[in-house]
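Below: one structure, written as structure tokens.
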Amino acid sequence: MDFDLTEEQRLLQSNLRRLLADHYGFNRRANYQAEAPGWSRAMWGRYAELGLLGLPFAEADGGFGGGPVETMLVAEALGEVLALEPWLSTVVLGGGLLRHGGDAALRQRMVPAIAAGEALLAFAQAEPQSRYSLSDITTTARRDGDGWVLEGRKSVVLHGDTADWLLVTARCAGARHDRGGIGVFLLRGDAPGVLRQGYSMVDGQRGAEITLSAARAEAVLGEAEDGLALVERVVDEAMAALAAEAVGTMSALHAMTLDYLKTRKQFGAPIGSFQVLQHRASDMMVALEQARSMAMYATMMLDEPAAARRAALSAVKVQIGRSARLIGQQAVQMHGGIGIATEYAAGHAFKRLAAIDTTFGDADHHLRALAAEVSTAA
Amino acid sequence: MDFDLTEEQRLLQSNLRRLLADHYGFNRRANYQAEAPGWSRAMWGRYAELGLLGLPFAEADGGFGGGPVETMLVAEALGEVLALEPWLSTVVLGGGLLRHGGDAALRQRMVPAIAAGEALLAFAQAEPQSRYSLSDITTTARRDGDGWVLEGRKSVVLHGDTADWLLVTARCAGARHDRGGIGVFLLRGDAPGVLRQGYSMVDGQRGAEITLSAARAEAVLGEAEDGLALVERVVDEAMAALAAEAVGTMSALHAMTLDYLKTRKQFGAPIGSFQVLQHRASDMMVALEQARSMAMYATMMLDEPAAARRAALSAVKVQIGRSARLIGQQAVQMHGGIGIATEYAAGHAFKRLAAIDTTFGDADHHLRALAAEVSTAA
Amino acid sequence: MDLRFTAEERAFRAEVRDFIEANLPPETRQRMIEGRVPTKAQTVAWQRILNARGWAVPDWPEEHGGTGWTAVQRYIFREELQQTPAPQPLGFNTNMIGPIIIAYGTEAQKQHFLPRIRNIDDWWCQGFSEPGAGSDLASLKTRAVRDGDHYVVDGQKTWTTYAQHADWIFCLVRTNPQAVKRQEGISFLLIDMRSPGITVRPIITIDGGHEVNEVFFDNVRVPVSNLVGEENRGWDCAKLLLGHERTGAARVGVSKERLRRLKFMAGEATENGRPLIEQQRIREKIVGIEVELKALEMTVLRVLAGGRRAGESRQADPASSILKLRGSEIAQSITELMMEVAGPYGLAAPGDADAEGSNAPELMPDWARSAAPLYFNWRKLSIFGGTNEIQRQIMAKAFMGL
Amino acid sequence: MDLRFTAEERAFRAEVRDFIEANLPPETRQRMIEGRVPTKAQTVAWQRILNARGWAVPDWPEEHGGTGWTAVQRYIFREELQQTPAPQPLGFNTNMIGPIIIAYGTEAQKQHFLPRIRNIDDWWCQGFSEPGAGSDLASLKTRAVRDGDHYVVDGQKTWTTYAQHADWIFCLVRTNPQAVKRQEGISFLLIDMRSPGITVRPIITIDGGHEVNEVFFDNVRVPVSNLVGEENRGWDCAKLLLGHERTGAARVGVSKERLRRLKFMAGEATENGRPLIEQQRIREKIVGIEVELKALEMTVLRVLAGGRRAGESRQADPASSILKLRGSEIAQSITELMMEVAGPYGLAAPGDADAEGSNAPELMPDWARSAAPLYFNWRKLSIFGGTNEIQRQIMAKAFMGL
């Protein structure tokens, strides 16, 4: 058992943190968010230069052979500054589907472009009725000659508005809730029949509603009728990355709060001298450390068999959700009015934490999922 | 709308409080508990003298015509001193069954003895398997000539060990969980075929396991095969009384805690000068007032139609359970070590509050019951 | 002890409800059901309807337009407004500056301002908080220096709700910086928002809404006739507001209405094809809040009944703190649950709950739109109006002697 | 970063588990499964079995009988004991007085006491807390006055765990009342419990158990050779105990075992004829605790790995406080849930969890007996060993600079 980072990992972490310290101050972030496309293309180029975008891909495919630990480090650092770029969509979600589901030809075609920052990906999975179910899919894929034609509606697609490529789940067979009959299809974002309505989400990330009308897929990932296991694996990887991102955000928010407690004065003393706020800062620290432990646990469990992996990631999501709520709400409360003003960073961190909880199922959803698996044997 | 007490009610309250102040100090209580039967027969006589034992019965039956408000006042005062006597069993539970289910002849035979302190009653309702269900009854009642013969096992019967009379639920017809076919029977506590095993419960109250082997009933209350509505009504009345008792106990415990905070010194100052403990005392006060409001609400809802009454009493039980847990646990925590020493009162109050939560269904049980009734109409 | 409403009170409730049903513009109601703040025009229009009915300022003395209702009637009236939902009377006008002018104003001030306050001919805002003086109000720094028959005001107020709508602002200003106690040396001024030297800068909150502002005073000249009460005794006026509206902070009617909305949302949102409201866990959460709200409602009624008995004390009392604490916690827990029910669509909600031109696609269900903005916005409930920490401190110090 | 146990560590765990399975007396294990404290005889017998195996004092230096295990191995060993469950080594002996004598004792003290400590030939108890000195330990008042080659001790200790079993007590006593700093002027003495003038008075806790005591000293003569370390420098010895056992307070293994027991109980308890464990709500509550415990376990492993890297620091660190806080909260939440699962029979539990002659009828199910006593007893977990409030204070002051 060993919690140490390798020299390369430490270097990656410090290089990324230095880059973000130089270019991702709170005011800069506000500017990135305000101008189209709602994040920074310049930063995206810098991530590519740093090797972030090709990191988890195999060297044979044009990547850098990083593993779950590298992804965790990147996510945490991006979380510290509330980065807006489509890293999760492109590298973790889209990239994960490619890594685990794409054939060699497809990977070798796509990965170099991703690594170079030239291809943006988005995962069009959810539908208006699906909530957090990965198998509640009504979008259909119909064979048409060599290819597939897709029909349906995808909802709250993270960074779906600017993606060059969409990875779309669609049903080739079976009824609406069946686990079988689901395929993952690769489409060009601007393919005929793809209608995209982009918007800014509550946390400043971009989302899109996507309507597919006889849209033609370029490729299918894995088995056309057996894609759910692939989707589940990649969603678990994304939840692990989100957990690490949340830890970064919580850690920054906790630090911000301590700073405020030490500088803000009331009744003639720094408010951090009030015992009630001291103890609350301690409870935040406990919540942060519990979350950090679970983000590591997530990273460690990604290569376990599916049942164990899924249970572990649900547990992680529960803890992250709980910690994020406590830290987010208490940070805002201790900041007082400025905690809910857009001019200050704390409220943005609070919102991002709330959004992370909701993404791929909130704490309660995963608690119910875990509870369903409890053995009832006496 | 009017929250004032009448002159008579105020007098009742102050007379009872004076009596208890004189005779129910913490050390006295410990003595009562230590000696058989585990409570004070002398106090029982004084309650009779004060008119407590005949209070809720109609004057025509030999009682004093009190209503739910009077019962609430008595329960609260008894709760303040953690009284051990079988008032709830005899007057509220047994007495309630008599009032609502007994015919005039039975009432006029029993009530004078109860009012005089000469008859103790116990309600033998629960069974080993029944948990909180009032209709899960396997004890059977079989017609035998004019009367009934009972067979079965009753469990955790409050003050069942010393009761002169047992009021026993038993099934005359139907299957184990059926709502119909349940009767309430009156038996002598020392009737042939009644085996009683008494014990001291975790909160110092007395309980008994009762086995009935061809035990003969003296009477049946109400319709022999339709007693469940009667049982539900009386249990709701008992829950209202328990709510008021809990408020008395919580209020005493809160006062005890404030007292401790003001006198106990650490690091050179009364511990009540520590802001964290101040705020916790405030949270206890909020919980107490919310509980007090619900105890009043319980009292007010007892005469409403059954569905509204049952829902209201479940809500009351939820709030009482939550408040009691918070106040009980925090009081112990703020007392530190002496909070869990039997030599001090705080721990006994904590235990009684825990026991009240469990009696007739804990907060979670009633929350589930309420949730089952939520309308799902969109 | 009889905890039921009397027949007269029930009849009164029906009368109020009928009037609201008949007179509230449907678009105002719909906007509020969706969790959005009514527009200025909607608030003003409704207040004028109430004023025409004689119900604009139930809490005021009858000689100034009050209704002469009992405390219970006033509670019923407010609860009916909240439950409909309808805009409540503008608190800065009816609960704050109105009562202060009635208590401390000159005859001329009363004659001029009170009718306009009642009808929102003037929209008022409150200039108390300053960047360095939040919970610690008495440390305020905005100065007013006497210059002939004017005061010259310099300084800054913040968290000024609806300053962008306001015609007037009532301010606490420091007139004697040498005063020994910080509460002394503060005066209470009425300031025309059109005065030269006033700048209003919006503070956008994290829900995207614009409710609060910074207000800057640069050499603003205020006629001495706009002083309320005595110079350097402005703290007395401010204290009047403490505990004035003891039961309003509980927001029972608002929470009842939001719970109704929450249940509606949980009926619309589906999982695996079934409405969420069918899930036991969601139901338990809703019911758990309903229980707390019922307890709070009973506590409010106890306070009302107690207040009637004890006379209308204007002192702070533990009840105000309890109601503020529980009221805000319950309201916040409802918004948390709304966010949970909205699910993925909660994330896609428009950034600005009040923006008429929302960026949310029309494809998105209406019921999910306001969940996140309301959750974010209502964090303010435990911060503004005396933080919940301050409420706990008040209880501990003043009522438990700690 | 590899967060899995190595093959060697897994083999070590198997070895420990096999040894415990083969050697732990079944009645000891059963008693602990039922939530009862092992008897003195059971604890001593088990410690001697471990001692014979060479595993009595894994944390000690090898020259004094330690095992030379890594921190991870020691963690695995303790977790296996907890999970079985088996009695853990008597902390007063192995974690407290042993390490103190090793660090500060004379050669003669080491020779005489250490082997006896290891084998519990002497059962030790701790005399730190006093009636007026709980969290504020340095305010202790028990005095020791030098008289020739003896100290004469007068005063009172309280919350003395298992003083009724003890052969010896190690005490902090005040030897210089004039010391400027209160921590100075305190000495560390070893006192034979059979000394004339010692009286032990039981404190019965609300679960009916007898674990703690008051210990009175009336003119108790203690040879000067029983002084540990220098006179007036006893605080140094006491400080050694701070943060010594950083991960034990998490009690992860104990909580795992209790959760297993909880699930067993929820399988036995029924409602409407079905086991409670089938109810979604009970399952969610159990799972919710399991998640917290998993996070705590990972935190413990991080601390272990960090400690190995940083060397075995004996300073307090935030980890100890975090582990104590979460460990006690999780353990307490399990007992709350046990009480809930036990239901009505929880009330009928015997008053004295440890009394051999319980008054509970035999008709009562075994699994329900210990729920209430354990819930009551484990309230101590957030009180003793530094209250949870003190832990939060330490974190705020020492690690966040507040």
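Hydrogens, waters and symmetry mates are skipped; everything else that's a heavy atom, side chains included, is used.
- The residue among D:Lys294, D:Arg326, D:Arg4 with the most heavy atom pairs within less than 4.5 Å of chain A is D:Lys294.
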Query - Step-by-step side-chain contact (heavy atoms from CB on, under 4.5 Å) determination, D:Leu301 to A:Phe3 - result: CA-CA 9 Å; D:Leu301 295 179; A:Phe3 283 78; 4.0 Å; yes
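- Between chain D and the residues A:Gln9, A:Met285, A:Glu373, the most heavy-atom pairs under 4.5 angstrom are made by A:Met285.
- In this structure, a donor-acceptor pair under 3.5 Å is present between the side chains of A:His279 and D:Gln393.
- Residues passing the salt bridge (charged side-chain N to carboxylate O under 4.0 Å, His left out) test with D:Arg392, sequence neighbours excluded: A:Asp283, D:Glu329.
- Contact tally against chain D (heavy-atom pairs below 4.5 Å) for A:Val69, A:Thr6, A:Leu367: the top residue is A:Leu367.
- Here the side chains of D:Met1 and A:Asp4 are not in contact, with every heavy-atom distance at 4.5 Å or above.
- The shortest distance between side-chain heavy atoms of A:Val286 and D:Met395 falls below 4.5 Å.
- At a heavy-atom separation below 4.5 angstrom, chain D is approached by A:His254, A:Leu258, A:Leu261, A:Lys262 within residues 252-265 of chain A.
- Among residues 287-303 of chain A, the residues having any heavy atom closer than 4.5 Å to a heavy atom of chain D are, in sequence order, A:Glu289, A:Gln290, A:Arg292, A:Ser293, A:Met294, A:Met296, A:Tyr297, A:Met300.
- Within 6.0 Å of atom CZ in D:Phe5, more than 12 heavy atoms from other residues, nucleotides or ligands are found, so the atom counts as buried in its surroundings.
- Neither the backbone nor the side chain of D:Lys285 comes within contact range of chain A; no heavy atoms are under 4.5 Å apart.
- Here the closest non-hydrogen pair linking A:Ala371 and D:Val287 is CA-CG2, 3.8 Å.
- In this structure, chain A has heavy atoms under 4.5 Å from both the backbone and the side chain of D:Glu389.
- Proximity to chain A (any heavy atom under 4.5 Å) is shown, for D:Gln391, by neither the backbone nor the side chain.
- The backbone N or O of D:Glu284 sits nowhere less than 3.5 Å from a side-chain atom of A:Arg368 that would complete a donor-acceptor pair.
- Contact of D:Leu325 with chain A is made through the side chain alone, with heavy-atom distances under 4.5 Å.
- Of residues 315-323 of chain A, those residues with a non-hydrogen atom less than 4.5 Å from any non-hydrogen atom of chain D are, in numerical order, A:Ala315, A:Val318, A:Gln319, A:Arg322.
- Contact of A:Gln275 with chain D is made through the side chain alone, with heavy-atom distances under 4.5 Å.
- For A:Met284, no part lies near chain D; criterion is any non-hydrogen pair under 4.5 Å.
- A heavy-atom distance below 4.5 Å is not found between the side chains of A:Val374 and D:Ile286.
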